[in-house]
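Heads up: the structure comes next, in structure tokens.
None of these values were measured; they are calculated from a predicted model. Whatever order the structure lists them in is the order used to number ligands and atoms, beginning at 1.
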Amino acid sequence: MMGPHSLILHILPAGLGQFFLLEYPHGLYLIDCSTPGKENILLARLNELGRSDLRLIWITHAHYDHYGSAARLRELTGARIGVHPADADFLARGESPLGSARGRSRIYPMAQPVARLLRPLRPTPPDFTLEDGQTLERFGLDATVLHTPGHTPGHTCLVLGDGTAFAADLIASSSQPHLQNLLATHWESLPGSLRHLQNAQPRTIYSGHSRRPISGAALQHIQP
Ligand SMILES: [Zn+2]
């Protein structure tokens with residue numbers, strides 16, 4: 001018998017990143033949803049699963065490649081959209097605050113306006129917001145929000161009761177796992193945000209742009 005913790009995790013590749021569908025017997029939950037125009041990736045998966053009960057889209061932060069398809073998916077599925085309050089206004093205005101860019105990411109502040117001309121980012125007023133430490137229990141999801149600002153003011157990680165964590169753009173593991181060092185609105189907040197995730201002691205951590213998850217032990221070894 002499948003209990004409430006029998007999670008099937010679907011990693012949905014999309015462009016330069018990926019987003020996550022959490023499948024439980026009692027409901028489906030989405031973490032992020034890629035750039036505008038990517039709703040068919042999710043719809044195809046729902047069709048394969050023969051399910052239409054998407055309850056929630058949690059947006060980890062207000063970036064073009066994390067909430068781009070959220071407004072359309074809400075129309076198509078009726079799912080509610082949640083985000084941290086510090087990023088809620090960016091979503092509502094259809095903004096994607098990049099802050100300052102370092103290293104190879106210096107292309108993004110130039111590339112993003114071009115991408116947005118091709119595929120506009122829709123204003124996406126969230127249905128609800130959650131602060132650090134609050135849970136998604138009222139949606140039937142055993143997950144706690146960690147406020148991990150720096151990349152954006154309202155960037156969050158999500159930690160499930162089974163120890164699975166979604167770190168979005170806080171960490172990267174393209175080579176060795178490391179604190180992301182490409183884009184931030186507040187660089188000085190990143191070390192504290194890393195410690196906040198480390199203190200939650202997750203077992204397996206998925207990030208927004210690295211295909212493979214990292215272990216809890218590898219997370220603890222990341223230096224700020
Ligand atoms: Zn981002």
Item to complete: Taking both backbone and side-chain atoms into account, decide whether His151 has an N/O/S atom under 2.8 Å from the Zn ion (ligand 1).
Response: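 So His151 does bind the Zn ion (ligand 1) by this criterion.
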Discussion item. In this structure, is the centre-to-centre distance between the rings of Tyr29 and Phe139 below 6.0 Å?
Written reply: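 Ring centres of Tyr29 and Phe139 not closer than 6.0 Å.
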Worksheet item: If we ignore angles and hydrogens, is there a donor and acceptor under 3.5 Å between the side chains of Asp169 and His209?
Response: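 Side chains of Asp169 and His209: pair found under 3.5 Å.
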Practice prompt. Measure across Lys38 and Ser69 and return the closest heavy-atom pair with its distance rounded to 0.1 Å.
Written response: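 Shortest heavy-atom contact: N-OG, 2.9 Å.
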Worksheet item: Does NZ or CZ of Arg138 lie under 6.0 Å from the centre of the six-membered ring of Phe128, at an angle within 45° of the ring axis?
Response: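 Because its charged atom sits under 6.0 Å from the ring centre and within 45° of the axis, Arg138 does stack over Phe128.
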Worksheet entry | For the Zn ion (ligand 1), the closest N/O/S atom belonging to Asp169 |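 Relative to the Zn ion (ligand 1), the closest nitrogen, oxygen or sulfur of Asp169 carries the name OD2.
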Item to complete: Tell me which N, O or S atom of His63 sits nearest to the Zn ion (ligand 1).
Response: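 It is ND1 of His63.
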